[in-house]
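Below is one structure, written out as structure tokens; the observations come after it.
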Amino acid sequence: MIKLKNQLTITHFALLMSLLNVLLFHFPFYAFVFKNVDYKSMNGIVLIASLIMLMLLVNSLVFYLVFFCHVLLGNFYWSYSLLSTQLQFTLLILTAS
């Protein structure tokens with residue numbers, strides 16, 4: 001296992017960055033889902049839980065692969081993905097209003 005300077009493994013770091021990405025930049029997506037899905041039904045609950053798990057796993061996988069390949073490329077991709085995701089969902093909200 002590759003370790004960073006502060007003894008934080010790449011797996012834990014990728015999972016942490018993925019979680020932060022989901023919490024900070026996917027609120028517009030979750031707002032859209034809650035607005036259009038009946039979250040009081042069993043189907044809605046399963047759909048929302050599945051989307052949350054899927055986003056966390058895919059983000060973690062992408063971060064892990066990029067950081068595993070190269071740290072500088074990972075830093076660039078991390079900053080680019082956070083900025084582009086925020087811009088995309090901001091534009092989505094502005095155009096939907």
Side-chain angles (χ1 to χ4, degrees):
M1 182 71 51
I2 298 174
K3 295 208 177 212
L4 300 174
K5 291 179 183 176
N6 61 356
Q7 303 301 322
L8 181 65
T9 63
I10 287 212
T11 306
H12 290 122
F13 185 72
L15 192 60
L16 177 67
M17 288 296 106
S18 176
L19 183 65
L20 286 175
N21 192 13
V22 168
L23 289 177
L24 296 176
F25 298 109
H26 291 153
F27 278 128
F29 172 73
Y30 293 131
F32 176 79
V33 169
F34 278 108
K35 182 177 157 189
N36 294 315
V37 172
D38 182 22
Y39 57 87
K40 295 177 183 175
S41 69
M42 186 63 177
N43 289 336
I45 292 170
V46 170
L47 176 70
I48 291 169
S50 299
L51 285 173
I52 289 171
M53 288 187 287
L54 180 69
M55 291 180 94
L56 183 62
L57 290 174
V58 170
N59 280 332
S60 179
L61 175 67
V62 169
F63 279 121
Y64 181 78
L65 290 176
V66 171
F67 278 109
F68 185 74
C69 292
H70 195 274
V71 175
L72 293 177
L73 179 65
N75 287 335
F76 172 75
Y77 176 76
W78 179 73
S79 59
Y80 173 75
S81 70
L82 291 180
L83 292 175
S84 66
T85 304
Q86 182 181 14
L87 179 64
Q88 289 171 359
F89 285 121
T90 303
L91 291 174
L92 179 70
I93 289 175
L94 291 176
T95 56
S97 298

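Sequential numbering from 1 along the given sequence is applied to the chain's residues. Because the structure is predicted, anything quoted here is derived from the model rather than measured.
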Distance-minimising heavy-atom pair for Ile48 and Phe34 = CD1-CE2, 3.4 Å

Can you hop from Ile52 to Ile45 via hydrophobic side chains spaced under 4.5 Å?
-> no

When hydrophobic residues are tied together by side-chain contacts of less than 4.5 Å, even through go-betweens, does Phe32 share a cluster with Leu51?
-> no

